[in-house]
Amino acid sequence: MSSRSLRIIVKCLISCMIVIVMVCSAFAGEENNITGMLVANGKKCNYIAEQVEGKVYIVYADGERILLAEGFGVITGLAVSPNESLYVLSQSKKRLFRIDPQGKVQMVKKMDEAVRAIWVDRDGVVKFVTDAGESFTAQ
């Protein structure tokens with residue numbers, strides 16, 4: 001197995017583990033117990049959301065950390081699309097936001113449902129999981 005293949009497999013495993021942890025933690029606690037950080041892996045960098053502070057950072061492989069956007073309220077979901085747009089789910093504002101690769105923030109959808117987790121599939125479709133364990137798409 002080549003080192004390139006091994007790196008791809010390791011990145012996929014890490015991404016899967018992060019998604020599993022995010023989904024499990026979303027279902028584990030009460031809404032008032034939200035603390036900590038969310039992580040999403042991009043192609044060239046990673047993204048970290050400070051949940052309670054409502055801030056999103058870019059983190060590069062060398063450890064450099066840059067504030068990307070803030071003002072989201074309580075963040076409960078973070079996911080990267082294939083085109084490197086970042087989706088941020090704000091529980092307190094009941095909104096889904098998209099940050100494009102140039103850093104422009106746009107409100108995408110008002111969230112009436114009690115959403116606990118988000119992810120983006122390989123086709124770029126944003127999907128959600130509700131408190132009841134049901135899933136639906138953003139469209």
Side-chain angles (χ1 to χ4, degrees):
M1 181 180 294
S2 72
S3 63
R4 184 176 187 276
S5 297
L6 187 57
R7 281 194 306 266
I8 291 170
I9 291 171
V10 169
K11 284 183 178 183
C12 287
L13 288 172
I14 291 170
S15 296
C16 289
M17 289 171 40
I18 290 170
V19 169
I20 290 169
V21 167
M22 287 173 41
V23 170
C24 290
S25 66
F27 287 108
E30 294 292 320
E31 292 179 13
N32 296 333
N33 293 333
I34 295 172
T35 60
M37 299 174 128
L38 297 176
V39 178
N41 294 329
K43 293 177 185 171
K44 297 180 181 176
C45 62
N46 294 311
Y47 301 92
I48 294 177
E50 291 185 0
Q51 289 184 272
V52 176
E53 291 82 7
K55 296 179 180 180
V56 177
Y57 295 88
I58 298 174
V59 181
Y60 294 99
D62 65 0
E64 181 181 11
R65 179 175 153 164
I66 299 170
L67 179 65
L68 177 62
E70 60 185 326
F72 294 106
V74 177
I75 299 171
T76 55
L78 194 66
V80 181
S81 72
N83 74 356
E84 290 298 297
S85 289
L86 179 68
Y87 287 89
V88 179
L89 180 63
S90 171
Q91 179 183 28
S92 58
K93 294 189 177 195
K94 298 183 179 182
R95 304 276 191 274
L96 176 66
F97 296 94
R98 178 178 48 236
I99 306 172
D100 70 19
Q102 291 73 39
K104 180 183 174 193
V105 178
Q106 175 185 13
M107 195 276 291
V108 176
K109 180 176 176 64
K110 292 181 182 180
M111 304 300 298
D112 296 325
E113 300 86 356
V115 176
R116 295 297 248 165
I118 64 170
W119 76 95
V120 182
D121 70 14
R122 70 177 75 172
D123 296 323
V125 177
V126 181
K127 298 185 177 187
F128 305 93
V129 176
T130 66
D131 283 340
E134 300 167 355
S135 63
F136 64 95
T137 62
Q139 284 76 16

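All residue numbers refer to positions in the sequence shown, counting from 1.
- Taking CD from Gln51 and CD from Gln91, the interatomic distance works out to 9.0 Å, rounded to the nearest 0.5 Å.
- Considering every non-hydrogen atom in both Leu38 and Gly77, the closest pair reads CD1-N, 3.5 Å.
- Annotation: the span from Ser81 atom OG to Asp121 atom CG amounts to 10.0 Å, rounded to 0.5 Å.
- Taking each heavy atom of Val120 and Ala79 in turn, the nearest pair found is CG2-CB, 3.8 Å.
- If you chain together hydrophobic residues whose side chains sit under 4.5 Å apart, Met37 and Tyr57 never meet in one group.
- Nearest approach of Gly124 to Pro82, heavy atoms of both residues: CA-CD, 3.7 Å.
- Atom CG of Leu89 and atom OG1 of Thr76 lie 4.0 Å apart (nearest 0.5 Å).
- For Gln106, the side chain to side chain contact (heavy atoms under 4.5 Å, CB included) partners two or more places apart in sequence, or in a different chain, are Arg98.
- Within the model, atoms OH of Tyr47 and CG of Leu68 stand 7.0 Å from one another, a figure rounded to the nearest 0.5 Å.
- Between Leu78 and Leu86, the closest side-chain pair of non-hydrogen atoms falls below 4.5 Å.
- The hydrophobic cluster containing Val105 also contains Val80, counting ILVMFWY residues as joined when their side-chain heavy atoms lie under 4.5 angstrom apart, directly or transitively.
- Summarising the geometry of Lys93 relative to Gly71, their closest heavy-atom pair is NZ-O, 2.6 Å, with the distance given to 0.1 Å.
- Linking Ile, Leu, Val, Met, Phe, Trp and Tyr residues whenever their side-chain heavy atoms come within less than 4.5 Å places Val88 and Ile66 in a single cluster.
- Atom OG of residue Ser85 and atom CD of residue Gln102 lie 8.5 Å apart, to the nearest 0.5 angstrom.
- Rounding to the nearest 0.5 angstrom, the gap separating the CZ atom in Phe128 from the CG atom in Leu96 is 4.5 Å.
- Shown here are the ring pair (Phe, Tyr, Trp, His ring centres under 6.0 Å) partners of Tyr87, two or more places apart in sequence or in another chain: there are none.
- Inter-residue side-chain proximity for Lys110 and Arg95 is flagged as met; some heavy-atom pair is nearer than 4.5 Å.
- Phe97 has its side chain out of reach of Val56: every pair of non-hydrogen atoms, C-beta onward, lies at least 4.5 Å apart.
- Heavy-atom minimum distance, Glu53 versus Glu50: OE1-CB, 3.3 Å.
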